[in-house]
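Proteins get letters first, then strands, A, B, ... in listed order; numbering begins at 1 in each. Keep in mind that what you see is a predicted model, and the values were worked out from it rather than measured.
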2 protein chains.
Amino acid sequence: MITIDLMSRKPIYDQLIEKIKQLILSDVFSANDHLPSVRSLSCQLSVNPNTIQKAYTHLCNAGLTYSVAGKGCFVSPQAKEILGQDAKQELPQFGAFARRLLDSGIDAEQLKSLIDQLDSERRSSL
Amino acid sequence: MITIDLMSRKPIYDQLIEKIKQLILSDVFSANDHLPSVRSLSCQLSVNPNTIQKAYTHLCNAGLTYSVAGKGCFVSPQAKEILGQDAKQELPQFGAFARRLLDSGIDAEQLKSLIDQLDSERRSSL
DNA sequence: GAACTGTACTATGTGTGTTAGTACAGTTGT
DNA sequence: ACAACTGTACTAACACACATAGTACAGTTC
């Protein structure tokens, strides 16, 4: 269910955070669902437990999950809402990316048609 | 002309590379123009000469500049063309970013109107 | 020859990512 | 009660990237 690219220059804990966010958004993990335990996931991915916990701690601090000592880590009911808010705050960064591509000679229509294509792909896979 | 954010988590040499690319794209630096010398720029930015050279070496390896020992570092005639090619290769990455925002509930129309706005800003500033 | 240019090299300090090992408190199921 | 699980906290060590410091050499410009 969760895979990690050990050769990536992106930190493992960072990849894990993004993966879990993605699984929450795609409703694979729903509110109050039980996440894999730190130890089991560390065995499954052949990664140190501390690295897994670092990701879990981050998710918990971001309000996306809540932890119960002895029971486990669960998806927060407000997780999807929070992820939506986070995405809105990334719009300026997205704009800077787009602006850079426009400056480099990429056509605005090309970017917009790409977005249309991605959007229709998304809708058809729901 | 060139500024650096020392507090940014982004490496200085990386910021410098992006700045110079930007200046080439905006025709502040044209083909065969003379870039600031390693030492003068290191003084101007209060940054170690090695850090400047790291950026210059990268630009040279990317074909954006060429160096002449004893004379200096100059903008390659093919620089803008290369930057255009680089931008095309970044489209998948841009698409992944857009897809993530769409998955998070951002509307496709909102992204497209953002691109339109950036494009018209760009055209009016030429 | 003096003053500039790019380039190369070693050494050092700092921060981050990762692994390793240990320990403790709470929950679950037998 | 006990064993096996859960999250959490902590120290130690290693590797790597970024940046700084200092020195050196070859080529150019005036």
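- Straight-line distance from the CG atom of Leu6(B) to the P atom of dT14(C): 18 Å, rounded to whole Å.
- Put simply, the side chain of Val38(B) reaches to within 4.5 Å of the side chain of Tyr56(B), judged on heavy atoms.
- Ion pairing between Arg100(A) and Glu90(B) holds under the 4.0 Å rule for side-chain N and carboxylate O.
- The distance between atom CD1 of Ile52(B) and atom P of dC4(C), rounded to the nearest whole Å, is 18 Å.
- Taking the nucleotide of DNA chain C with the nearest heavy atom to each of Val38(B) and Val47(A), the more 5' of the two is matched to Val38(B).
- Of the charged side-chain nitrogens involved, none lies within less than 4.0 Å of a carboxylate oxygen, so that Lys112(B) and Asp116(B) do not count as a salt-bridged pair.
- The stretch residues 14-33 of chain A participates, sequence neighbours left out, in no ring-ring contact (aromatic ring centres under 6.0 Å, His included) pair at all.
- When all heavy atoms of Leu118(A) and Gly95(B) are compared, the pair lying nearest together is CD1-O, 3.4 Å.
- Every residue two or more places apart in sequence or in another chain that forms a side chain to side chain donor-acceptor pair (under 3.5 Å) with Asn32(B) is listed here: Tyr66(B).
- A heavy atom closer than 4.0 Å to some atom of DNA chain C occurs in no member of residues 9-21 of chain B.
- The salt bridge (charged side-chain N to carboxylate O under 4.0 Å, His left out) test applied to Asp27(A) returns Lys80(A), not counting sequence neighbours.
- To the nearest 0.5 Å, atom CD of residue Gln22(B) and atom CD of residue Gln15(B) are 11.5 Å apart.
- Separating the CG atom of Asn50(B) from the C1' atom of dT12(C) is a distance of 12 Å, rounded to the nearest angstrom.
- Looking at heavy atoms from C-beta onward, Leu64(B) lies out of side-chain contact with Val75(B) at the 4.5 angstrom threshold.
- Listed by residue number, the members of residues 64-73 of chain A with any heavy atom below 4.0 angstrom from DNA chain C are Ala69(A), Gly70(A), Lys71(A).
- When all heavy atoms of Leu23(A) and Ile2(A) are compared, the closest pair comes out as CD1-CG1, 3.7 Å.
- Nucleotides of DNA chain D with any atom under 4.0 Å from a heavy atom of chain B span, from 5' to 3', dC18(D) to dT29(D).
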